[in-house]
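Following: one structure in structure tokens, then a few remarks.
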Amino acid sequence: MNTRSPGRHFLQIPGPTDVPGRVLRAISEPTVDHRGPGFADLGRAVLTGLRRVFGAEGPVIVFPASGTGAWEAALVNTLSPGDAVLMARTGWFATLWHDMAVRLGLQPVLLDTDWRRGADAAAIEAALRADTGHRIRAVCVVHNETSTGCVTGIPAIRAALDAAGHPALLFVDTISSLASIDYRHDAWGVDVTVAGSQKGLMLPPGLSFNAVGARALAAAREARLPRSYWDWKPMLEANAGFYFPYTPATNLLRGLQEALALLEEEGLPNVFARHRRHGAAARAAVRVWGEAGAVELQCAAPSDYSSSLTAVRLAQGHSADALRALILEKFNMSLGNGLGRLKDRVFRIGHLGDFNDLSLMAALSGVEMGLKLAGVPCASGGVAAAMSVLTTGADAGDGAGA
Ligand SMILES: Cc1ncc(COP(=O)(O)O)c(C=O)c1O
């Protein structure tokens, strides 16, 4: 039996993403003494470089953890048992953050969507206006819902808090948007931004982040949820000298230094534009495939289109998991699965991180061939439509997109 898959594997899940050679080589350098005299140079480079990526003047805290750890850190550092938190349940990841809040003894107030659009700023404003006693201490929103490919406009959420005159903190999960979709922690008035290493930052999984604003730091002085590993205070004290209170993921930090250099070399506005173009091209392909009636975009609101991934919804009677299995077997490409209530209904094409036009064309070709082989009705020419967006820059019919 032939067990070899020649050529490279296409990792087209919406994170973890491909790690560029320069970053891999940096990670593979010998491990250093994290308390030694030379370490502060690395600490300084990453802790200051990260601020530019978040658009934050204040500190960015780095945990050796997946994104879930940074969710927990945001909550336990700022809130107390029984606090109400307003959570927009826009998809599977927003659901997991909500479940964590319940387990921590918080009292989420939920605003649901149909998982086909971002959070509803008007509903958030109404919920805050109704909370005349200011029981709600924080509003939690996922910027780019990785399960649905829908973005929430954060300036509109900030405006909702301001219009309601409500003092709640604003927490934003940018795990699948940071360094791929425009994001500005300070300018958009966010109090805690949560992020992870394995998507737009082009690193392996294993680092996660909290960008922390002044109001969140003040809340941390009063907050009473138990915290130890996630405690910001010892982190900030050690970070002041560019060290860490416990063993940091030294090799990943060295990789982060290189990833930050790559982002600076390309320039963040160019990084965002590259992702926007790829999002528009991917959606052009899906629109053509969908002319046969069995395939459509999961995101139903053009203003909320994600540029880091495209979630594709199949009509009843077709299995997204069977399609993904076929594409993996035939073309050595991994696509993201449908999560939660989207299981087997949706597959997700990641087009973020270290990614270029030909990476996108390969991924879309694999999907178009897979749809044909799986017997999913699919109009031909999706790949050609994407090519035309890439070559002419035209994305007519696409709407806006983040
Ligand atoms: C938007 C979002 N939030 C949170 C998470 C959870 O992060 P992790 O799996 O790194 O713990 C993910 C993971 O994909 C995500 O996409």
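Numbers here simply count residues along the sequence, with the first being 1. Start at 1 and go down the list; that is how both ligands and their atoms are numbered.
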Does any N or O of ligand 1 fall below 3.5 Å from an N or O anywhere on Gly67, backbone included?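 The answer is yes, given that Gly67 and ligand 1 share an N or O pair closer than 3.5 Å.
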Just do the salt bridge (charged side-chain N to carboxylate O under 4.0 Å, His left out) check on Asp83 and Arg135 with the steps written out, would you? CA-CA 7 Å; Asp83 277 356; Arg135 270 189 63 244; over 6 Å; no
Quick one, [X] and [Y] - any side-chain contact, counting heavy atoms below 4.5 Å?
X: Leu339; Y: Phe93; result: yes
X: Leu106; Y: Leu79; result: yes
X: Leu110; Y: Met87; result: yes

Using a 4.0 Å cutoff against the non-hydrogen atoms of [X], which atoms of ligand 1 qualify?
X: Trp71; answer: 3 (N), 4 (C)
X: Thr146; answer: 1 (C), 2 (C), 15 (C), 16 (O)
X: Ser66; answer: 8 (P), 10 (O), 11 (O)
X: Asp173; answer: 1 (C), 2 (C), 3 (N), 4 (C)
X: Asn144; answer: 1 (C)

Could you go step by step and tell me if His34 and Tyr243 meet the ring-ring contact (aromatic ring centres under 6.0 Å, His included) rule? CA-CA 7 Å; His34 61 286; Tyr243 287 86; 8.8 Å; no
Where is the nearest protein heavy atom to [atom]: which residue, which atom, and how far?
atom: atom 6 (C) of ligand 1; value: Thr68 OG1, 3.8 Å
atom: atom 5 (C) of ligand 1; value: Phe93 CD2, 3.5 Å
atom: atom 14 (O) of ligand 1; value: Lys199 NZ, 2.7 Å

Under the criterion side-chain contact (heavy atoms from CB on, under 4.5 Å), I'd like the reasoning laid out for Asp231 against Val76: C-alpha separation, chi angles, the key distance, then a yes or no. CA-CA 8 Å; Asp231 197 347; Val76 298; over 6 Å; no
Is it the side chain (CB and beyond), the backbone, both or neither of Ile175 that lies under 4.0 Å from ligand 1, heavy atoms counted?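 It is the side chain that gets close, since no backbone atom is under 4.0 Å.
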Can you tell me if Glu145 contacts ligand 1 (heavy atom of the residue under 4.0 Å from the ligand)?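 False for this residue.
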Quick one: does Gln198 get a heavy atom under 4.0 Å from ligand 1?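 Gln198 counts as a contact of ligand 1 under the 4.0 Å cut-off.
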Do Arg8's NZ or CZ and the ring of Phe10 fall within the cation-pi criteria of under 6.0 Å and 45°?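 Checked: cation-pi criterion met.
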Check the side chains of Asp131 and His166 for a donor-acceptor pair under 3.5 angstrom, ignoring hydrogens and angles.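 Checked: His166/Asp131 side chains pair up, N/O donor to acceptor below 3.5 Å.
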